[in-house]
Amino acid sequence: MIVMKFGGTSVESAAAIERVASIVRDRVPRRPVVVVSAMGKTTNKLLAIAEAAVGGGRDQALDLTTELEDYHAREASLMVREEDLPELESILEIHFQELRELVRGLAVLGELTPRSVDAISSYGERLSSSIVTLAFRRHGIEAVHVDARQVLVTDARHTQAAPLFPETYRRMRETVAPLAASAVVVMGGFIGATETGVTTTLGRGGSDFSASIAGAGIGAEEIQIWTDVDGMLTCDPRIAPGGHRVKLISFAEAAELAYFGAKVLHPATVLPAVEKNIPVLILNSRRPEVEGTRIIPGAVPCSNAVKSIACKRNIALVNIVSTRMLMAYGFLKRIFEIFDRFETPVDMVATSEVSVSLTIDNLSRLDRIVAELEHFADVTVERDQAIVCLVGDNIRYTPGVSARVFRALGDVNVRMVSQGASLLNLSLVVNGADLRPAVEKLHAEFFAELDPAVFD
Ligand code: ASP
Ligand code: MG
């Protein structure tokens, strides 16, 4: 058995879903369980509908719902067998009728709870998975739909629910695995339900996580994440072109990169797969012939010191200085307690005796955080900074990596440095404007020669 997950762009239209069908058909002998995202930008649209409904825009919300219905009906009708049309119609009717009821209810309540957010946003995956099941049949694939909410059991932390693994794995093993023996199983990603059957979601981008959970639950031999890029690259193509495909990477390295290249892989994705030692592949549904990136449990021997350079823009560097910190204890606790209270994750940290510098990428509560910090410290904030992160298992074994980094960077001003506790990353903060030259210089330094076993 394998799990094949297709993201929003891979199922955004009839044409895209036909590509998916032909990819899946070629792999039927491997007994695929297919996990799909909502079609295209559907999740965003559903959230916009919810916002409009509670914000006094009831009619607008209903109009948007009709738009969404037209979109699904138009694309789906292009790829469903004649004899399945009544089934498609009833699927659309049932879902959109419910959705309209929900919208009207929200408009009356005027309040959007996390539970309602989940109820609304679940429609994307519920629809896409049903539609993809019908589309597969037209392509001669025997397909069966499983409502993910019957098998993926979570806690009740709506919009960020955590899977209850033992129960989920039991259900996957007992229901999904036997079905997959004789047909291609199709389920929606992202969604689940509590033990009492209330719909939940795993958080934005959560379909990759669903795929990984499904793979772990059924004991898949491989989890394939089909997306719209060729795999992981040696550098972010949005920052600097000319990166090479990384063919093989370890789970630990991929997890470091996931935080940065969030577009390619949801960070939590790899965890269930790691625990069960199941390799994860990143593949391109537009170019299925490309072998992609294979993420494997163990270390990947490689003659290059660095596997990939990741980056993150639009971060803020917060410098906290206080002479009261000199020889005092409890200071860091006070600082982090504030970030904790404002639910703002801290990414990089560097400390000296009287100062702490740290970076955050969620700036929404920054002003309030600074106001609190200023009760006991001098605070400066520098926005528009960027993190550049070199990732590779070999960084810890290769002497002189930092020397090469600073030599390559030349006159680029480095604001902060940290070598992660995992020892497989080296992160730097630079000015946003310096990001591109920094990445280009580092890429030229570390990827002038490539280990052919690891890079394409
Ligand atoms: N449809 C959900 C989202 O847009 C989940 C996913 O695509 O992974 O966040
Ligand atoms: Mg995604």
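Remember, predicted model here, so these are calculated numbers, not experimental data. All residue numbers in this chain count up from 1 along the given sequence. Excluded from the calculations below are hydrogen atoms, water molecules and symmetry mates; all remaining heavy atoms, backbone and side chain alike, are included. For ligands, and for the atoms within them, numbers begin at 1 and follow the listed sequence.
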Next on the checklist: Check this for me: does any side-chain nitrogen of one of Lys307 and Glu256 sit under 4.0 Å from a carboxylate oxygen of the other?
Outcome noted: no

Checklist entry - Is there at least one pair of N or O atoms, one from Gly203 and one from ligand 1, spaced under 3.5 Å apart? => result no

Checklist entry - Should the pair Arg100-Glu69 be classified as a salt bridge under the 4.0 Å nitrogen-to-oxygen rule? => result yes

Checklist entry - Below 4.0 angstrom, N of the basic side chain to O of the carboxylate: do Arg294 and Asp456 qualify? => result no

Next on the checklist: For Gly206, state whether at least one heavy atom is located under 4.0 Å from any atom of ligand 1.
Outcome noted: yes

Checklist entry - For Arg204, is at least one N or O under 3.5 Å away from an N or O on ligand 1? => result yes

Next on the checklist: Counting neighbours of CZ on Arg286 that are heavy atoms of other residues, nucleotides or ligands and sit closer than 6.0 Å, is the number greater than 12?
Outcome noted: no

Next on the checklist: Need the ligand 1 atom indices (1-based, order shown) with element for anything under 4.0 Å from a heavy-atom of Ser37.
Outcome noted: 6 (C), 7 (O), 8 (O)

Next on the checklist: Contact between ligand 1 and Lys41 is defined here as a heavy atom of the residue under 4.0 Å from a ligand atom; is it met?
Outcome noted: no

Checklist entry - So, are Asp208 and Lys5 salt-bridged, with charged N and O less than 4.0 Å apart? => result yes

Checklist entry - Would you say ligand 1 has an N or O under 3.5 Å from any N or O of Asp208? => result no

Next on the checklist: So, 4.0 Å and heavy atoms of Gly205: is ligand 1 close enough to count as a contact?
Outcome noted: yes

Item to check | Salt bridge flag under 4.0 Å for residues Lys41 and Glu12 | outcome: no

